[in-house]
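Position 1 is the first residue of the sequence, and the numbers go up from there.
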Amino acid sequence: MRGIADSRRQRRPNTTAHARGAIAVEFVLVLIASLFFFMPVAEFMRLSLFDQALAAATHQAARAAAADSNNADPTKCLQSVEDAFQAHRLARWLLDQNDDGAVDVTASTAWPSGTDEVHVSLMADEDLYDGTEWEVVGACGGSGSWIRLETRIVVQPWSGLVRAMWPDGVRRQRHSWARNQA
């Protein structure tokens, strides 16, 4: 009798296995779509981090150059700028392209290439009443003059979409001014 009762019961279809497969496919499709939308946001946040680190390091470097007692010598002035970039931890970590543990600071008015790290141009205005003419280029100038520090970097994008839009990288530039304290 038992065999007859079992044969009369109808089997329900296995819906849980089918539902699991549909949920897995839906999860993969939503994951791909969310990654497509999240990558540009993450790239923008990364570029913003580079920009903020460059701004902070530029400001710190201008203040260090202005406070150096030997900044009348152009090489000492540039050395104090480079030392300030080395002392800024976030900038040293982000801007070190060749992973040698130090940021390479180059005195130049041109834009860096993909292998260069930071290009710096120094200018000083010794006559504060003649407008905005920067008389001394490549040095901190005399005591009491204004120092203008301009830094430039090129950030190489990670994501392919942003790299396709800017194949040479994204250019970032920052300025900072300080009063020479020497």
Side-chain angles (χ1 to χ4, degrees), residues 9-67 77-123 134 138 147-178:
R9 246 189 295 164
Q10 292 183 356
R11 291 190 157 264
R12 289 187 298 186
N14 191 359
T15 58
T16 58
H18 181 66
R20 283 186 204 142
I23 290 172
V25 168
E26 182 181 341
F27 174 76
V28 168
L29 291 175
V30 168
L31 180 67
I32 291 171
S34 64
L35 284 177
F36 179 73
F37 290 116
F38 179 71
M39 285 305 289
V41 172
E43 188 69 41
F44 176 75
M45 290 171 51
R46 180 177 164 269
L47 291 174
S48 178
L49 180 65
F50 270 91
D51 196 40
Q52 295 294 324
L54 182 66
T58 301
H59 181 67
Q60 183 176 338
R63 291 182 62 196
C77 186
L78 186 61
Q79 184 62 43
S80 61
V81 168
E82 187 171 352
D83 292 343
F85 267 94
Q86 305 309 331
H88 195 277
R89 287 179 155 180
L90 183 60
R92 188 178 63 219
W93 175 64
L94 282 175
L95 303 178
D96 184 17
Q97 298 283 337
N98 56 5
D99 291 331
D100 63 351
V103 179
D104 297 331
V105 177
T106 306
S108 173
T109 58
W111 279 96
S113 65
T115 58
D116 297 331
E117 293 178 1
V118 178
H119 280 219
V120 170
S121 64
L122 279 165
M123 292 177 235
W134 301 94
I147 301 170
R148 178 179 174 210
L149 178 66
E150 184 178 274
T151 56
R152 289 175 230 67
I153 62 170
V154 175
V155 181
Q156 297 301 326
W158 277 350
S159 68
L161 179 63
V162 180
R163 188 171 288 147
M165 291 170 49
W166 291 286
D168 295 331
V170 180
R171 294 178 172 190
R172 305 304 314 149
Q173 179 177 355
R174 287 291 164 198
H175 302 270
S176 187
W177 290 268

query: Got Val170 and Pro157 here, is their nearest side-chain heavy-atom distance under 4.5 Å?
result: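 Yes; the side chains approach each other to less than 4.5 Å.
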- prompt: If we only count heavy atoms from C-beta on, is the Arg46 to Val155 side-chain gap below 4.5 Å?
  reply: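 Yes, at least one pair of side-chain atoms sits under 4.5 Å.
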Grab the two heavy atoms, one from [X] and one from [Y], that are nearest each other, plus how far apart they are.
{"X": "Val118", "Y": "Phe85", "result": "CG1-CZ, 4.1 Å"}
{"X": "Ala102", "Y": "Asp96", "result": "O-OD1, 3.0 Å"}
{"X": "Ala164", "Y": "Pro167", "result": "O-CD, 3.9 Å"}
{"X": "Arg172", "Y": "Asp51", "result": "NE-OD1, 3.3 Å"}
{"X": "Thr109", "Y": "Ser121", "result": "CG2-CB, 4.0 Å"}
{"X": "Gln60", "Y": "Ala87", "result": "NE2-CB, 4.0 Å"}

Kindly compute the distance separating [atom1] ([X]) from [atom2] ([Y]), expressed to the nearest 0.5 Å.
{"X": "Arg163", "Y": "Asp168", "atom1": "CZ", "atom2": "CG", "value": "11.5 Å"}
{"X": "Glu117", "Y": "Asn98", "atom1": "CD", "atom2": "CG", "value": "4.5 Å"}
{"X": "Arg174", "Y": "Ile153", "atom1": "CZ", "atom2": "CD1", "value": "9.5 Å"}
{"X": "Glu150", "Y": "His175", "atom1": "CD", "atom2": "NE2", "value": "4.0 Å"}
{"X": "Ser80", "Y": "Leu122", "atom1": "OG", "atom2": "CG", "value": "8.0 Å"}
{"X": "Asp104", "Y": "His119", "atom1": "CG", "atom2": "NE2", "value": "9.5 Å"}

query: Should we say atom CH2 of Trp111 is surrounded by more than 12 heavy atoms from elsewhere, each under 6.0 Å from it?
result: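 Yes, enclosed.
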Measure from the side-chain N and O atoms of [X] to the backbone N and O of [Y], and report whether any donor-acceptor pair falls under 3.5 Å.
{"X": "Glu43", "Y": "Trp158", "result": "yes"}
{"X": "Arg92", "Y": "Gln86", "result": "yes"}
{"X": "Thr58", "Y": "Leu54", "result": "yes"}

task: With side-chain contact (heavy atoms from CB on, under 4.5 Å) as the test, would you mind laying out the steps for Leu90 and Leu49 before giving the verdict?
output: CA-CA 9 Å; Leu90 183 60; Leu49 180 65; 4.0 Å; yes
field: Arg63: side-chain contact (heavy atoms from CB on, under 4.5 Å) partners, not counting sequence neighbours
entry: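 Only His59 meet the side-chain contact (heavy atoms from CB on, under 4.5 Å) criterion with Arg63.
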task: Only counting residues at least two apart or in another chain, list the ones meeting side-chain contact (heavy atoms from CB on, under 4.5 Å) with Ala64.
output: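 Scan of Ala64 (side-chain contact (heavy atoms from CB on, under 4.5 Å), adjacent residues dropped) gives Ala84.
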Side-chain donor-acceptor pairs of residues 22-39 under 3.5 Å, sequence neighbours excluded:
from  : atom 1 : to    : atom 2 : distance (Å)
Ser34 : OG     : Val30 : O      : 3.1
Ser34 : OG     : Leu31 : O      : 2.9

